[in-house]
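Here's the structure we're looking at; comments come further down.
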Amino acid sequence: MEKTVNATLHNLVDLATEKLFSNSTVEHAKDKFYDVKDKFNHTKDKYTSKYFKKEDNTTSNVLLYTGLALAAAGAAYLIYKNREAIKDQIAGAVDKVKDLQSQYMGEQENASRV
């Protein structure tokens, strides 16, 4: 099951990367990205094989995914617990943006009248 999860995650990353870099103007960035990705994987494999046995990698992956799931659950709980404060902050930020927009539009109207 873990190999299936890893394969699925890698496929999703590859798909997202392909969609992100499908624009012809960023071919150079795409090549650079893949070079860095390959260098990272090579370095990771070198140190992983040096300090961990092959069996340890599966355990560490399970612990990693469990930790990520717990962190996501904790973040969801904190958002739920503080939803009113978050809502107030977002509403305040939206109001500030609207005020800035109205000020900018007022300045534009005044500049066009002169």
Side-chain angles (χ1 to χ4, degrees):
M1 179 176 160
E2 184 177 330
K3 289 182 181 180
T4 305
V5 171
N6 281 337
T8 303
L9 289 174
H10 284 289
N11 288 339
L12 287 173
V13 168
D14 289 341
L15 176 66
T17 303
E18 191 62 36
K19 292 290 184 186
L20 178 68
F21 293 126
S22 62
N23 189 343
S24 61
T25 59
V26 291
E27 287 298 320
H28 176 70
K30 179 180 177 181
D31 294 338
K32 194 171 184 180
F33 172 81
Y34 282 119
D35 290 343
V36 171
K37 181 180 169 187
D38 292 340
K39 183 186 264 187
F40 171 77
N41 285 333
H42 174 70
T43 305
K44 176 188 67 115
D45 292 341
K46 181 174 83 172
Y47 287 113
T48 301
S49 64
K50 185 175 180 180
Y51 295 110
F52 297 106
K53 294 180 182 174
K54 195 68 169 173
E55 299 83 36
D56 291 342
N57 288 337
T58 57
T59 304
S60 65
N61 284 341
V62 169
L63 292 175
L64 173 68
Y65 295 136
T66 303
L68 289 174
L70 290 173
Y77 172 74
L78 288 174
I79 290 171
Y80 176 76
K81 182 179 175 184
N82 299 310
R83 65 188 178 277
E84 292 299 321
I86 292 171
K87 186 174 85 172
D88 293 340
Q89 289 290 330
I90 291 173
V94 168
D95 289 341
K96 285 182 183 179
V97 169
K98 286 181 180 179
D99 290 343
L100 288 172
Q101 181 184 13
S102 65
Q103 285 177 353
Y104 177 75
M105 295 307 249
E107 289 175 6
Q108 291 294 327
E109 283 182 18
N110 291 338
S112 65
R113 289 182 189 172
V114 173

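Side chains included, hydrogens not; waters and symmetry mates left out as well; all remaining heavy atoms used. Residues: numbered from 1 along the sequence shown. On a predicted model such as this, the values are computed, not experimentally measured, just so you know.
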Atom pairs and distances, side-chain donor-acceptor, residues 83-106, under 3.5 Å, sequence neighbours left out:
{"residue": "Arg83", "atom": "NH1", "partner": "Tyr80", "partner atom": "O", "Å": "2.7"}
{"residue": "Ser102", "atom": "OG", "partner": "Lys98", "partner atom": "O", "Å": "3.4"}
{"residue": "Ser102", "atom": "OG", "partner": "Asp99", "partner atom": "O", "Å": "2.8"}
{"residue": "Tyr104", "atom": "OH", "partner": "Gln108", "partner atom": "NE2", "Å": "3.1"}

Looking at Leu63, Leu70, Leu68, which hits side chain to side chain contact (heavy atoms under 4.5 Å, CB included) with Thr66?
-> Leu70

To the nearest 0.5 Å, what is the distance between CG (Asn82) and OH (Tyr77)?
-> 8.5 Å

